[in-house]
Undergrad: 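Here it is, the structure in full.
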Amino acid sequence: MFEHRRAQRHKWVAAAAAALAGAITLSGCGGGGGGLTPSPTNDTTTPSTPVTLVVPTSQAPWNPAYAKLVEAYQAETGNKVDLREFPNPDVKTQQVNDIQAQQHTFDVFQINEGDLVQFNENGWIQNLNEIDPGYEPDSAILSYSNISRWNNELKLFASDGVLTSAPLLGNVDIFYYRKDIYAQLGLQVPTTWDQVIDNGKKIVEAGAAKYGGVFRTQGVPGTYAATYEFNALLNSAGGAWFSDPGTDWTPTAGSAAGVQAATWFRELAKLGPEATSTIGQAQAIAAIQAGDAAQTYLVAAAAAQFEDESNSAVVGKIGHAPLPRTPEGKSSSATGLWVLGVPTGLPEERAKAALDYIKWMTSEKAMTLFAQYGGIPTRSDAFAPAGITEAAQAALDAVKETAENLPDRPTSLRYSFSTDILNVTEPELQNIAAGSATPQEGMESIQTGLDEIIVRLGLPKK
């Protein structure tokens with residue numbers, strides 16, 4: 001018994017280490033200019049004079065796909081790209097240092113969705129229509145709840161907002177399940193969270209897997225961890241953190257919908273290991289890779305790790321599906337996007353060259369190549385690239401269905417004070433998952449904490 005447990009523990013540690021190396025996080029460089037020789041035209045395919053662009057990017061599992069896409073851009077346009085990789089959190093640091101010092105090192109900013117409000121509020125990225133008044137993203141570029149358009153009066157993303165960015169990576173949560181176990185037990189792919197929970201209980205009762213599911217339940221104050229996954233439950237229950245962001249910031253976490261979401265969260269946690277406070281994204285990925293967990297939901301960028309023969313025991317056994325929807329039939333998944341913007345203060349010709357780069361990167365051709373290389377596209381016409389595996393296509397199908405059905409109201413935290421929110425939600429959600437606070441108690445505590453934030457910030461409530 002002891003040897004079995006020790007071997008099992010070693011397997012999880014090794015798998016978690018591998019998963020941590022590839023885990024998808026949702027979240028000043030010296031010198032100036034980068035040697036740019038700008039093109040005097042907006043033609044992104046045949047510039048009259050080649051340019052060199054300095055572009056930061058994140059060190060993430062999708063980065064090799066982006067690097068290949070940059071190579072394709074260089075080959076087609078004749079331009080050069082100095083693609084500078086930084087650890088995910090450092091991408092923001094490098095860009096903020098650069099813009100605050102007005103060094104103008106970078107020609108394009110790559111911005112995590114969670115940081116985009118700050119970049120918009122502070123005016124660190126330009127109105128793209130001031131660079132090119134005729135620029136209008138075509139309809140195939142997905143909206144992601146208006147991520148590209150900023151309404152500065154309401155401090156929100158809205159369809160009537162100013163065009164300030166373009167989505168590069170379309171990361172959303174999707175549902176993962178063991179196809180072989182589902183077939184063995186005659187289970188149906190769930191369309192409600194109650195079905196997810198019921199399926200998990202049946203899996204445990206049948207002894208088909210060690211865990212009926214392993215889910216991200218570790219709270220990390222100030223960080224988008226457990227709260228990111230919980231958002232999907234809150235959305236599916238018809239709930240929200242606030243009544244009407246922008247006009248009525250009354251917190252609604254303690255509503256019946258909020259308590260229902262928290263109840264699902266606790267029931268999902270009970271399907272996995274007892275030490276729920278230790279289960280972060282890497283551990284959930286590792287549990288699937290090791291064959292210990294029969295289902296989970298995580299960012300779509302994790303899909304490739306389950307098909308990695310060097311680290312996964314479940315290659316070819318994982319199914320993919322959208323998450324259970326909202327009461328209105330919309331996608332409930334939180335979004336975890338990266339977007340591209342043009343730094344404020346660049347000389348006119350550099351800004352034009354940067355926008356040309358963004359246009360190229362979000363074109364049908366580029367996004368189809370991106371998907372082929374293993375990235376997650378942001379266009380509805382780029383989700384069926386040639387030459388990818390059946391598993392990769394199944395994941396893209398789930399992503400596309402999710403992305404095309406996102407509601408107008410964002411499913412993720414997009415507030416300048418999101419860190420304050422996460423300091424409240426993360427520890428309480430961890431307590432709910434562990435059973436040390438009831439769903440009612442936990443959500444009431446979150447309600448109180450959010451109300452204190454709103455009062456402190458002086459935001460309007462009705």
Side-chain angles (χ1 to χ4, degrees), residues 5 8-9 12 16 173 175-177 190 192-241 251-288 290 292-298 323-324 332 334 421-450:
R5 288 179 178 172
Q8 185 69 27
R9 183 170 65 252
W12 263 67
D173 262 348
F175 183 67
Y176 299 95
Y177 63 99
T192 70
W193 291 106
D194 286 331
Q195 290 171 353
V196 175
I197 295 163
D198 187 55
N199 285 352
K201 291 177 179 178
K202 290 177 179 177
I203 290 165
V204 172
E205 290 170 0
K210 182 176 181 181
Y211 300 115
V214 174
F215 306 91
R216 190 179 186 183
T217 50
Q218 181 184 54
V220 184
T223 302
Y224 213 0
T227 307
Y228 182 79
E229 315 304 345
F230 182 79
N231 269 334
L233 302 175
L234 186 61
N235 297 330
S236 286
W241 295 114
T252 54
S255 66
V259 174
Q260 173 63 79
T263 301
W264 286 332
F265 195 58
R266 170 57 179 153
E267 290 301 311
L268 289 169
K270 287 161 64 176
L271 297 174
E274 290 185 9
T276 55
S277 63
T278 68
I279 307 301
Q281 182 174 248
Q283 289 71 32
I285 292 172
I288 294 288
D292 289 337
Q295 52 184 4
T296 192
Y297 67 101
L298 293 163
L323 300 187
S332 66
I421 295 173
L422 294 168
N423 280 326
V424 171
T425 60
E426 287 289 311
E428 290 300 334
L429 289 174
Q430 179 172 286
N431 289 339
I432 292 168
S436 56
T438 68
Q440 182 80 42
E441 291 168 344
M443 295 309 286
E444 286 179 353
S445 181
I446 290 175
Q447 174 86 10
T448 299
L450 296 183

Undergrad: Measuring from atom OG1 of Thr438 to atom CG of Asn431, what distance do you get when rounded to the nearest 0.5 angstrom?
TA: 10.5 Å
Undergrad: Nearest 0.5 Å please: distance from the CZ atom of Phe265 over to the CD1 atom of Ile197.
TA: 11.5 Å
Undergrad: Looking only at atom types and distance, does a side-chain atom of Gln218 sit under 3.5 Å from a main-chain N or O of Ser277, one as donor and one as acceptor?
TA: yes
Undergrad: Please list all pairs meeting side chain to side chain donor-acceptor pair (under 3.5 Å) that have one or both residues in residues 261-272, counting only residues at least two apart or in different chains.
TA: Asp194-Trp264, Glu267-Lys270
Undergrad: Taking the side chain as every heavy atom from C-beta outward, state whether Ser236 and Leu323 have any pair of such atoms under 4.5 Å apart.
TA: no
Undergrad: If I take atom CD from residue Gln260 and atom CE from residue Met443, how far apart are they, to the nearest 0.5 angstrom?
TA: 11.0 Å
Undergrad: Return the CG to OH distance between Leu422 and Tyr228, rounded to the nearest 0.5 Å.
TA: 13.0 Å
Undergrad: Please check this pair: side chain of Glu426 against backbone of Pro221, looking for a donor-acceptor N/O pair closer than 3.5 Å.
TA: no
Undergrad: Has Gln281 got a side-chain atom pairing as donor or acceptor with Ala225's backbone, closer than 3.5 angstrom?
TA: no
Undergrad: Measuring only between side-chain heavy atoms, which start at C-beta, is Leu429 closer than 4.5 Å to Ile446?
TA: yes
Undergrad: Indicate the atoms forming the closest heavy-atom contact of Ala262 with Pro439, along with that distance.
TA: CB-CB, 3.7 Å
Undergrad: Looking at every heavy atom in both Ala293 and Gly213, which two are closest together, and how far apart are they?
TA: CB-C, 4.5 Å
Undergrad: Please check: side-chain N/O of Gln195 versus main-chain N/O of Pro190, any donor-acceptor pairing under 3.5 Å?
TA: no
Undergrad: At what distance, to the nearest 0.5 angstrom, does OG of Ser445 lie from CD of Gln440?
TA: 12.0 Å
Undergrad: For Ile279 and Pro273, work out which heavy atoms get closest and say how close.
TA: CD1-CG, 4.0 Å
Undergrad: Which pair of non-hydrogen atoms, one from Ala294 and one from Ala209, has the smallest distance, and what is that distance?
TA: CB-CB, 4.0 Å
Undergrad: Is any side-chain heavy atom of Thr276 closer than 4.5 Å to one of Phe215?
TA: no
Undergrad: Ignoring hydrogens and angles, tell me if any N or O in the side chain of Thr296 forms a donor-acceptor pair with the backbone of Tyr176 under 3.5 Å.
TA: no
Undergrad: For Gln295 and Gly212, indicate whether the former's side chain and the latter's backbone hold a donor-acceptor pair under 3.5 Å.
TA: yes
Undergrad: Within the structure provided, determine whether Phe230 and Ile432 are in side-chain contact (heavy-atom separation under 4.5 Å).
TA: no
Undergrad: Under 3.5 Å, is there a donor-acceptor pair between the side chain of Tyr297 and the main chain of Glu229?
TA: yes
Undergrad: Check whether any side-chain heavy atom of Leu268 lies under 4.5 Å from a side-chain heavy atom of Leu233, and answer yes or no.
TA: yes
Undergrad: Contact between Leu298 and Ile285 at the side-chain level, heavy atoms closer than 4.5 Å - yes or no?
TA: yes
Undergrad: Starting from the C-alpha separation in whole Å, work towards a yes-or-no answer on side-chain contact (heavy atoms from CB on, under 4.5 Å) for Leu450 and Ile421.
TA: CA-CA 7 Å; Leu450 296 183; Ile421 295 173; 3.9 Å; yes
Undergrad: Restricting to non-hydrogen atoms, name the atom on Thr252 and the atom on Ser255 that form the minimum distance, rounded to 0.1 Å.
TA: O-OG, 2.9 Å
Undergrad: How about Phe175 and Val196: do any of their side-chain heavy atoms sit closer than 4.5 Å?
TA: yes
Undergrad: Applying side-chain contact (heavy atoms from CB on, under 4.5 Å) to Thr227 and Trp241, what does each step give before you reach the verdict?
TA: CA-CA 11 Å; Thr227 307; Trp241 295 114; 4.0 Å; yes
Undergrad: Any side-chain heavy-atom pair from Glu444 and Thr448 closer than 4.5 angstrom?
TA: no
Undergrad: Do you know which two heavy atoms are closest between Thr217 and Ala433, and how far apart they sit?
TA: CB-CB, 3.6 Å
